[in-house]
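Each remark here refers to the structure printed beneath this line.
Order of appearance sets the numbers: ligands from 1, and atoms from 1 within every ligand. Only a predicted model underlies this, so the values are computations on that prediction, with no experimental measurement involved.
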Amino acid sequence: MNDAATANKPTKLNRPLKPNEAVQLYFDRAADQLELPSEIRRRLIMARRELTVQVPVEMDDGRMETLVGYRVQHNNARGPMKGGLRYHWDVDLDEVRALASLMTWKTAVVNIPYGGAKGGICVDPRKLSRKELERITRKFIDQIHIAIGPDVDIPAPDMGTNAETMSWIRNQWEKYHGFNPACITGKPVEDYGAKGREEATGRGCGILAFKLLKRLGHRPADCRIAIQGFGNVGSHAAKFMHESEFPILAVSDISGGYYNSNGLNIPEMLSYLLKHGSLEGYSEADKISNEELLALDVEMLVPSAVGNVIHEENMRSIKARFIIEGANNPLHPVADDYLYQNGVVILPDILANAGGVTVSYFEWVQNRQYYSWDLNRVRQQLEYILSTAFDEVWQMSLERNVSLRTAAFMIAIKRVNRATELGGS
Ligand code: GLU
């Protein structure tokens with residue numbers, strides 16, 4: 001695949017890009033292909049509403065801390081806005097803006113009836129007790145409850161938050177608005193959550209990796225993989241890929257990278273993770289750095305941790321031929337161009353990690369119907385939605401001679417634009 005000239009003007013940037021600038025760049029590239037006029041672009045790219053709130057909280061030792069929380073509601077042309085809530089020390093308005101916009105394109109590319117939003121609190125959750133996290137979450141919801149809800153904007157887990165956080169949110173929101181579990185997704189299964197939600201993002205990466213290889217005529221057994229990140233996305237991707245007979249040579253987490261040239265014992269590593277909370281001290285593999293993991297001689301890389309891990313400084317060391325973006329924004333646009341031009345096939349985040357929000361949608365549907373699906377139904381529907389989206393993106397990339405990222409953005413922008421036209425002004 002070679003991009004048409006306008007779709008892949010090389011990106012010359014000698015400074016780090018802010019996350020929202022990167023998303024804007026991908027958006028513009030696709031909008032150029034669609035010949036979208038500037039007044040429409042502005043309407044589609046600008047967020048509808050951005051909330052910045054103060055989150056005052058009492059710590060366990062009696063100190064008062066004042067944190068900053070955000071909820072950016074990017075677009076609701078196709079339905080209620082949808083997107084996770086991130087607790088991380090890098091969270092700021094620009095990052096939340098970028099991620100909210102990615103959610104709009106993500107829900108559109110997999111064609112589920114939502115818009116996009118994202119929230120976050122700038123905090124290091126590892127330094128907080130469970131009680132402090134609960135108080136912070138409840139205070140944050142006190143500030144934004146008025147702007148969220150099952151028909152308006154439905155939060156979900158993201159980095160630093162989990163099913164338990166979602167239960168606190170549901171409980172706090174319902175204090176104001178009454179019983180309605182569809183106000184939040186990613187809840188524990190015993191608290192109106194969906195079976196298969198927790199595994200969904202990682203499983204989705206695996207399903208799509210499988211589809212991609214099949215299209216290109218390769219077998220999983222010949223595709224050696226390195227996965228960066230062993231959190232919710234990376235660990236479930238590893239589990240699914242291992243079961244599908246992909247050799248997984250390396251994984252990493254906060255404690256570093258773990259490598260075995262004959263393939264890692266993933267079930268053993270998953271039990272280790274469950275028991276110890278991280279891979280720290282796991283001794284059945286060689287220890288490598290995160291940078292070494294990215295540069296390994298493997299066929300496929302699955303960056304599933306933070307953003308911007310492959311950039312101008314390390315892009316030349318990448319040997320993988322396929323990249324599945326489990327994380328949001330893991331590639332700097334310069335690296336994205338460079339790798340694409342060197343024939344690397346990159347499955348973009350807005351498709352690659354859309355499994356999570358897809359099963360969030362199933363959870364919301366089940367909550368609204370007071371009915372519960374079994375795991376098989378969830379998995380089958382997930383596969384159906386992701387496979388359909390993959391085929392559409394693949395087709396578009398062939399027809400227009402553009403990258404999979406540009407193709408995915410084109411499909412998404414077309415859908416959001418059409419909904420906007422139908423809704424009128
Ligand atoms: N935080 C996830 C994402 O970035 C899931 C969002 C959701 O389920 O609404 O896609």
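- Taking the six-membered ring for Trp and the full ring otherwise, Trp364 and Tyr114 have centroids separated by under 6.0 Å.
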Please give the N or O to N or O pairs under 3.5 Å between ligand 1 and the protein, distances rounded to 0.1 Å.
residue  : atom   : partner : partner atom : Å
ligand 1 : 1 (N)  : Pro157  : O            : 2.9
ligand 1 : 1 (N)  : Asp158  : OD1          : 2.7
ligand 1 : 4 (O)  : Lys106  : NZ           : 3.1
ligand 1 : 4 (O)  : Lys118  : NZ           : 3.0
ligand 1 : 4 (O)  : Asp158  : OD1          : 3.4
ligand 1 : 8 (O)  : Arg197  : NH2          : 3.0
ligand 1 : 8 (O)  : Ser360  : OG           : 2.6
ligand 1 : 9 (O)  : Lys82   : NZ           : 2.9
ligand 1 : 10 (O) : Lys106  : NZ           : 2.8

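- A salt bridge links Lys131 with Glu134: at least one charged nitrogen is closer than 4.0 Å to a carboxylate oxygen.
- For the side chain to side chain donor-acceptor pair (under 3.5 Å) with Lys106, the qualifying choice from Asp349, Thr358, Asn353 is Asn353, the only one to do so.
- Using a 4.0 Å cut-off between a side-chain N of Lys or Arg and a carboxylate O of Asp or Glu, Lys239 and Glu243 qualify as a salt bridge.
- For Pro181, the side-chain contact (heavy atoms from CB on, under 4.5 Å) partners are Arg170, Glu174, Phe179, Lys187, Tyr192, Asn367, not counting sequence neighbours.
- Closest non-hydrogen pair, Leu404 versus Leu347, comes out as CD1-CD1, 3.9 Å.
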